[in-house]
Amino acid sequence: MKTWLPVLLMTLAATGCVDAFLGPAPATDHGALFDDVWQQFDLHYSFFTYKNIDWDSLGARYRPLAVAAATDQAFADVLGQMVARLGDVHASITPGSGAATIGYVSPWDTIPAYFNPGIVFARYVQDGRLTAGRHIRYGMVAATVGYVRIASFVGSGWASEMDAALDSMPAARGLVIDVRNNRGGDVTLAVNIARRFADRERTYAYVRLRNGPGHGDFTADIPETVAPRGHRFDGRVYVLTNRRDFSAAEDFVLAMRTSGRVTVVGDTTAGASGGPIVRQLPNGWTFELSEWLEYTPGHRLFEGIGLAPDVVVKATAGAERDSVDLVVERALSLAAGGP
Amino acid sequence: MAAYDRTAGRLLENANVFGGTENLSSLSSAPVSRERLSEGGGEIAVLRIVGGHPSADRMMFALGVACDASIAVTKAGYADPDSTSSDYLFGAVTLGPALVWRTPVFGGRTEARLAVPALALADHEYGDLKEQHGGLDLRLVSPEAWRGLNAAISYTAAAGRRFGLTTMYRIGLVRFDDVQPVRAVSQSFTVGLLTRLGGAMP
């Protein structure tokens, strides 16, 4: 045992030097936390140039407010106000586990969408059912037309529920996929569902990632692809969209569109394309920011613009009041060979 | 961990590889991210014995160069509402002077090793590895931006026999002044059974 003594002594001596090498622990005062958030956005946020944002000015304006904040909640509100100026739903602050996220509120979240899934299932869908995982509601809307409602792409590993829904509707030669009011979630999941409708591997988007400290530092175009997998549906597909489709829901629309057998019906999507990443502060708070630029296959940025449908149908308050869904009705008309 | 050690005249050749995964925990009281580190690497050193004798019962001192390669992927699981996880890669190949000192102690052998990287190539991904879509991208790092050392002290009982017991303390320090700075200290304390697979101790 004595022979191990030098080793143990060396261990203890070296352990004592570690703190000196690493430096002090990160500070958690409001000034230091503000600087951490500001710098991470400065290093990684993707839309400074595209949105013509002067990040230095915003930092200079909000830092004194952050330092002067009397409480953590007031400090979080200042951070939330600063990132809200980016006009990006993928930029936000979550001040602690279980706390409400603070950030930009899209106008599309406050303007009525006049979409009520209850009306669709009560008026149009016969024998509406849920898949086993309860992520997809579906049923027939005509003798040979099925309807699938995907309210969210949150979670992972449930793309096969689309196979189950399609298997349960063997008479369907056409399909309506309703992703209205879908705020997104996991892009991989969304694209995995779209793979059921792909005819071959195709590029549905390009992304460029921030890869350096300059606001214009990006990788070259990285193609995002969709390839066939799972139950293959070969009929016509009508994807229903509106202004409350964000992020992964928009990737789903892009991926679906590549097959050439898909018609997008409804309203333009929200245009939230940033590809968010998460960072964590030394006090445990988390924040989210966009780190990429996403382009359509035609190399068009759609952040803040959205993806226009092939057939524009505006939902109205009057139709909703009358329990009519104009978008579903137009999709059914198209499926029946109408205009 | 596995090691290779060979003495040819006044030349000492040494190589070792290591790998493993660890869950990292924070000393902070705040609920910070959960991190799991998967790492591996190895070192090749060629040294010239400049003092003493390589036999197990004699003191020996050797100087030379060491080339160290390592790669580490840290999976960070954040406490955000979506429980996001990201993978961060840090790989490096370094070259620099090294020294080995061995001396017999209580029928065994104590060895101290020190390597100080003077030249470094590093791949420090700018963002989440899952999103970067690229292969290993090593770039030359200026000596001002890279500071570090690898040191170990070990004691091996019955070093000249086929089986022996060994205990080792290792410490590695890296200070990389990148756009996103790296400060890393890794320490390990190992107790193990040593098996000589070939050759014989001089």
Side-chain angles (χ1 to χ4, degrees), chain A residues 2-15 17-19 21-23 25-26 28 39-40 43-44 92-94 96-101 154-155 185-186 188 207 209-214 217 219-220 222-224 275-288 291-292, chain B residues 26-35 76-86 105-110 112 125-128 130-134 137 147-149 151-157 165 167-171 173-175 178-181 183-191:
Chain A
K2 279 181 183 174
T3 55
W4 293 6
L5 202 57
V7 178
L8 287 170
L9 287 173
M10 277 289 292
T11 306
L12 292 171
T15 303
C17 298
V18 166
D19 287 346
F21 182 81
L22 290 176
T28 56
Q39 187 187 36
Q40 286 297 314
L43 290 174
H44 293 280
S92 63
I93 304 287
T94 304
S97 180
T101 295
V154 170
D186 187 272
T188 303
V207 297
L209 294 153
R210 265 297 289 272
N211 69 347
D217 291 341
T219 63
I222 300 169
E224 299 286 326
I277 58 170
V278 172
R279 291 286 185 269
Q280 194 144 13
L281 291 168
N283 67 349
W285 295 7
T286 56
F287 58 100
E288 184 183 72
E291 75 154 350
W292 75 32
Chain B
S26 170
L27 297 176
S28 165
S29 58
V32 294
S33 60
R34 292 169 286 105
E35 294 185 347
Y78 297 105
D80 66 307
D82 296 327
S83 300
T84 307
S85 72
S86 295
V105 177
F106 300 112
R109 186 179 73 191
T110 292
E125 292 287 336
Y126 196 76
D128 188 343
K130 294 194 293 289
E131 307 289 357
Q132 296 295 315
H133 298 266
D137 182 22
R147 296 278 185 278
L149 69 82
I153 185 164
S154 62
Y155 174 76
T156 304
L165 280 173
T167 177
M168 177 188 284
Y169 168 73
R170 291 168 59 102
I171 184 168
L173 293 85
V174 174
R175 178 186 173 124
D178 198 11
V179 174
Q180 300 172 99
R183 302 278 186 278
V185 174
S186 60
Q187 300 180 85
S188 65
F189 186 74
T190 309
V191 178

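Given the structure is predicted, the values throughout are model-derived calculations rather than measurements. Reckoned from all heavy atoms, side chains included, excluding hydrogens, waters and symmetry mates. Residue numbering restarts at 1 for every chain, and letters A, B, ... go by the order of the sequence lines.
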Backbone N or O of B/V105 within a donor-acceptor pair of the B/Y155 side chain at under 3.5 Å?
yes
All side-chain hydrogen bond (donor to acceptor under 3.5 Å, both in side chains) counterparts of B/D80, not counting sequence neighbours:
B/T84
Region of B/A184 that comes under 4.5 Å of a non-hydrogen atom in chain A:
backbone
Decide whether B/Y126 and B/Q180 meet the rule of one side-chain donor and one side-chain acceptor closer than 3.5 Å.
no
For the candidates A/T101, A/V278, A/T286, which exhibits the highest count of non-hydrogen atom pairs separated by less than 4.5 Å from chain B?
A/V278
Proximity breakdown for A/I277 and chain B, heavy-atom pairs closer than 4.5 Å:
neither
Chain B contact via A/T28 - which portion, at a heavy-atom distance below 4.5 Å
neither
List the residues meeting side-chain contact (heavy atoms from CB on, under 4.5 Å) with B/R147, not counting sequence neighbours, and say none if there are none.
B/R175
